[in-house]
Amino acid sequence: VFGKDITLILILNNLSFDHKTVKVDMSASTILYTRRPVAEILKATTSVDLGSKQGKHIQLKIPYSYYGKYLTTDKRIQVTALCEVMHMHGVKLLVEKTIILEDTNIIIKIPRRVVVNKAVTLEISYANPLPEPVNRCVLLVTLMNQQVKIHLAQLAPRERSKIYFEFTPRRTGPLQLQVDFSCDKFSHVKGFVTIAVAPA
């Protein structure tokens, strides 16, 4: 989840009866959705001894402090591990994983029944998932082809807050509500909901 430390585990298994030493070069970079690298955030090298038919786990931790300021709005991190079996020339294995960090920031609560031409109040809650405060918080609400920009107070580390938003639907059928939350540390955290508007 965005704002938390990331822990990954690489599992190495020696399928032969021979003892093996494996050198592992690990790296992590923030990337765009096109897989283009933005910034390298971690580099580590370790060596693992594997006995006959033995398996071992290597843990890789990427703290938020490493990736936070380099993450794009795509919220993607690419992790690679190049495993080289020592004393066996040319035996290498590349393991790659792309992590897409999830947002759990926006929660939209709508009443059970929404009726045309009758005012309705929605509850929109938003959060700061980071271990540091965020400023310049703005909520952009898009509904019925109209946008409303709401300036919000600063949020403390890991704080969740809420606002109430009132509107009157003018036609029956499905209505799409989109909420976009931005601040000085991250931007464009989105929430969507479809509201079914019933006849009066």
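Between the side chains of Glu132 and Tyr64, at least one donor N or O sits under 3.5 Å from an acceptor N or O. Under the 3.5 Å distance criterion, with hydrogens and angles disregarded, no donor-acceptor pair is assigned to the side chains of Gln78 and Ser29.
Using a 4.0 Å cut-off between a side-chain N of Lys or Arg and a carboxylate O of Asp or Glu, Glu96 and Arg35 qualify as a salt bridge.
Asp74 places no side-chain N or O within donor-acceptor distance of the main-chain N or O of Arg76, the cut-off being under 3.5 Å. Between the side chain of Asp184 and the backbone N or O of Asn135, at least one donor-acceptor pair lies under 3.5 Å. Not one N or O on the side chain of Asn14 forms a donor-acceptor pair closer than 3.5 Å with the backbone of Gln54. With Thr30 contributing its side chain and Tyr70 its backbone, the two residues share a donor-acceptor pair below 3.5 Å. Panel note: side chain Lys20, backbone Asp49; no donor-acceptor pair is recorded below 3.5 Å. Distance alone, capped at 3.5 Å, places no donor-acceptor pair between the Asn13 side chain and the Leu15 backbone. For Ser182 (side chain) and His188 (main-chain N/O), a donor-acceptor pair under 3.5 Å exists by modelled atom type.
Val138 and Ile163 fall into different hydrophobic clusters, where Ile, Leu, Val, Met, Phe, Trp and Tyr are joined by side-chain heavy atoms under 4.5 Å apart, directly or via other members. Put simply, Val115 and Phe167 are part of two different groups of oily side chains (I, L, V, M, F, W, Y) that touch within less than 4.5 Å, one to the next.
The 12-atom threshold is exceeded at CZ of Arg158, counting heavy atoms of other residues, nucleotides or ligands nearer than 6.0 Å. Within a 6.0 Å sphere centred on NZ of Lys118, other residues, nucleotides and ligands contribute 12 heavy atoms or fewer. For Tyr33, the OH atom is loosely surrounded, since the number of other residues' heavy atoms within 6.0 Å does not exceed 12.
Judged by the 6.0 Å distance and 45° axis criteria, Lys53 is positioned over the aromatic ring of Phe17.
The nearest pair of heavy atoms linking Asn128 to Pro157 is ND2-CA, 3.7 Å. When all heavy atoms of Lys61 and Leu42 are compared, the closest pair comes out as O-CD2, 3.9 Å.
Under the side chain to side chain contact (heavy atoms under 4.5 Å, CB included) test applied with Cys83, the options Leu94, Leu10, Ile58 reduce to a single match, Leu10. With Ser125 as the fixed residue, the side-chain hydrogen bond (donor to acceptor under 3.5 Å, both in side chains) test singles out one of Lys109, Lys162, Arg160: Arg160.
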